[in-house]
Amino acid sequence: MQSIDEATVLITGATDGLGRRVARDIATRGATVVLHGRSRERAEAAAREIRGETDNQNVSYLLADLSSLDEVHDLAEEFMARYGRLDVLVNNAGVGSGGRGTGRELSRDGYELRFAVNYLSHFLLTNLLLGRLKESVPSRIVNVSSIGQAPVDFENVMLEAGYDGNRAYGQSKLAQIMFTFSLAERLKGTGVTANALHPASLMDTKMVYESYGYTLSTVQEGADATVRLAASPDLEGVTGRFYDGEREARANEQAYDPQARERLWDLSEDLCGGLLTPDFSQDG
Ligand SMILES: NC(=O)c1ccc[n+]([C@@H]2O[C@H](COP(=O)([O-])OP(=O)(O)OC[C@H]3O[C@@H](n4cnc5c(N)ncnc54)[C@H](OP(=O)(O)O)[C@@H]3O)[C@@H](O)[C@H]2O)c1
């Protein structure tokens, strides 16, 4: 990757929790940091605070509700219009499993909410930004997943039957890892790498307080592991891996099934409809 102080880094869900801390830590190193948020007020406040905390004035923000694929599409367009390079894309935004009694929720497009926000929005965003990533090689995609994983049941992806918040969250997180492995394969030789990680267990963030009511680790532990994948020179060229913190780990078996991965990719393209222009036909 370009040395970090010359890099441009886009982080989704950077208004709170892990994403906000990762944004601050990367801004501290002098990168141009683009925060993504869904609320103008929160995004503006996060950008202002991070500029103040780091003395880095190259911290800006873009808005999109990731439960709308149209807004994801507009986010990608706006990014392309405003920024000439993309060295690191950190796909971090997410919705947790929800507390006790949280029922099935739908995205603005009518898809199961966790699958839509945690996985599908990032599938679309990443594909739409691949051209910029390829122009900026060597570049990196970091998908913030989890060790909480559940296999994708292709007969019931939208969890119309037997909804459970943990299953919904776990399915979306495994889908991210399957996507990571597919991307790494498709991007072999291009100079764009793709890795996924479980940042840390039950960090002290809003998502964890809402879902569990207690925490086991700090957001800084997860941020350190995430920033390492985004920026460490030791990981140059490393691709297609899943990490638990800083240790390479094995994901749920379904992630290693090429047919399941292909099926998920095809389904995701279908669900994105006309918004997706796959970029894999382009050279380098
Ligand atoms: N916390 C943990 O222990 C843990 C463990 C493993 C993996 N993870 C993963 O780490 C990532 C960050 O989690 P966190 O704990 O930092 O959660 P968090 O504090 O709740 O932050 C989530 C971020 O995602 C954004 N977001 C949620 N729904 C969105 C939507 N529809 N459109 C746009 N943005 C949306 C939130 O925006 P607002 O500020 O507007 O709400 C916020 O910026 C997630 O992918 C999560 O699955 C977390």
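All values reported here derive from a predicted model rather than from experimental measurement. Each ligand, and each atom within it, is numbered from 1 in the order the structure gives.
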Determine, using the 4.5 Å side-chain heavy-atom cutoff (strictly less than), whether L129 and L187 are members of one ILVMFWY cluster. yes

Which ligand 1 atoms are under 4.0 Å away from a heavy-atom of V144? 9 (C), 10 (O), 11 (C), 45 (O)

Counting from 1, what ligand 1 atoms have a heavy atom of L202 closer than 4.0 Å? 3 (O)

Contact check, A64 vs ligand 1, heavy-atom distance below 4.0 Å: yes

Atoms of ligand 1, numbered as shown, that sit under 4.0 Å from any heavy atom of D65: 30 (C), 31 (N), 32 (N)

Please identify which atoms of ligand 1 are closer than 4.0 Å to at least one heavy atom of V208. 1 (N), 2 (C), 3 (O)

For G17, atoms of ligand 1 separated by under 4.0 Å from a heavy atom: 16 (O), 19 (O)

For atom 40 (O) of ligand 1, what is the nearest protein heavy atom, given as residue, atom name and distance? R38 NE, 2.9 Å

Using the ring of each side chain (for Trp, its six-membered ring), is Y214 parallel, tilted or perpendicular to Y212, with breaks at 30° and 60°? perpendicular

Proximal ligand 1 atoms for L18, defined as those under 4.0 Å from one of its heavy atoms: 10 (O), 16 (O)

I'd like to know if R132 pairs up with E77 as an ion pair, taking the criterion as any Lys NZ or Arg NE/NH1/NH2 lying under 4.0 Å from an Asp or Glu carboxylate oxygen. no

Against ligand 1, does H36 come closer than 4.0 Å with any heavy atom? yes

Heavy atoms only: which of A43, G13, S107 is nearest to atom 23 (C) of ligand 1? G13

Hey, can you tell me if W265 and F179 have their rings parallel, tilted or perpendicular (30° and 60° cut-offs)? tilted

Starting from atom 3 (O) of ligand 1, find the nearest protein heavy-atom neighbour and note its residue, name and distance. M203 N, 2.7 Å

May I ask you to identify the nearest protein heavy atom to atom 37 (O) of ligand 1, giving residue, atom name and distance to one decimal place in Å? T15 OG1, 3.3 Å

Output yes when R48 and E44 qualify as a salt bridge under the 4.0 Å nitrogen-oxygen rule, no when they do not. no

Lys/Arg N to Asp/Glu carboxylate O, D266 vs R263, below 4.0 Å: no

Gap separating the CG atom of D234 from the CG atom of L229, nearest 0.5 angstrom: 11.5 Å

NZ/NE/NH1/NH2 to OD/OE distance under 4.0 Å, E49 and R24: no

If the cut-off is 4.0 Å to any non-hydrogen atom of K173, which atoms of ligand 1 fall inside it? 44 (C), 45 (O), 46 (C), 47 (O)

Using a strict threshold of under 4.0 Å (side-chain N to carboxylate O), is an ion pair present between D87 and R140? no

Judged by non-hydrogen atoms, does A200 sit under 4.0 Å from ligand 1? yes

For ligand 1, is there an atom lying under 4.0 Å from some heavy atom of N92? yes

How close does the nearest protein non-hydrogen atom get to atom 14 (P) of ligand 1, and which residue and atom is it? T205 OG1, 3.6 Å

Determine, stepwise, if the pair H122 / T12 fulfils side-chain hydrogen bond (donor to acceptor under 3.5 Å, both in side chains). CA-CA 9 Å; H122 291 115; T12 68; 2.9 Å; yes

For atom 41 (O) of ligand 1, which protein heavy atom lies nearest, and how many Å away is it? K206 NZ, 2.7 Å

Does the side chain of R104 come within less than 4.5 Å of E160's, by heavy atoms? yes

Quick one: do M80 and I141 end up in the same hydrophobic cluster if we chain Ile, Leu, Val, Met, Phe, Trp and Tyr together by side-chain heavy atoms under 4.5 Å apart? yes

Does P199 have a non-hydrogen atom less than 4.0 Å from ligand 1? yes

Specify the protein heavy atom at minimum distance from atom 47 (O) of ligand 1: its residue, its atom name, and the distance to 0.1 Å. Y169 OH, 2.6 Å

Any donor-acceptor pair under 3.5 Å from E71 side chain to D65 backbone: yes

At a 4.0 Å cut-off, with the gap strictly under it, does some heavy atom of E210 reach an atom of ligand 1? no

Closest to atom 7 (C) of ligand 1 (judged by heavy-atom distance), picking from S145, A46, G37: S145

Atom 32 (N) of ligand 1: nearest protein contact (heavy atom, Å): L66 N, 2.9 Å

Closest candidate by heavy atom, reference atom 27 (C) of ligand 1, pool G19, G94, G96, S68: G94

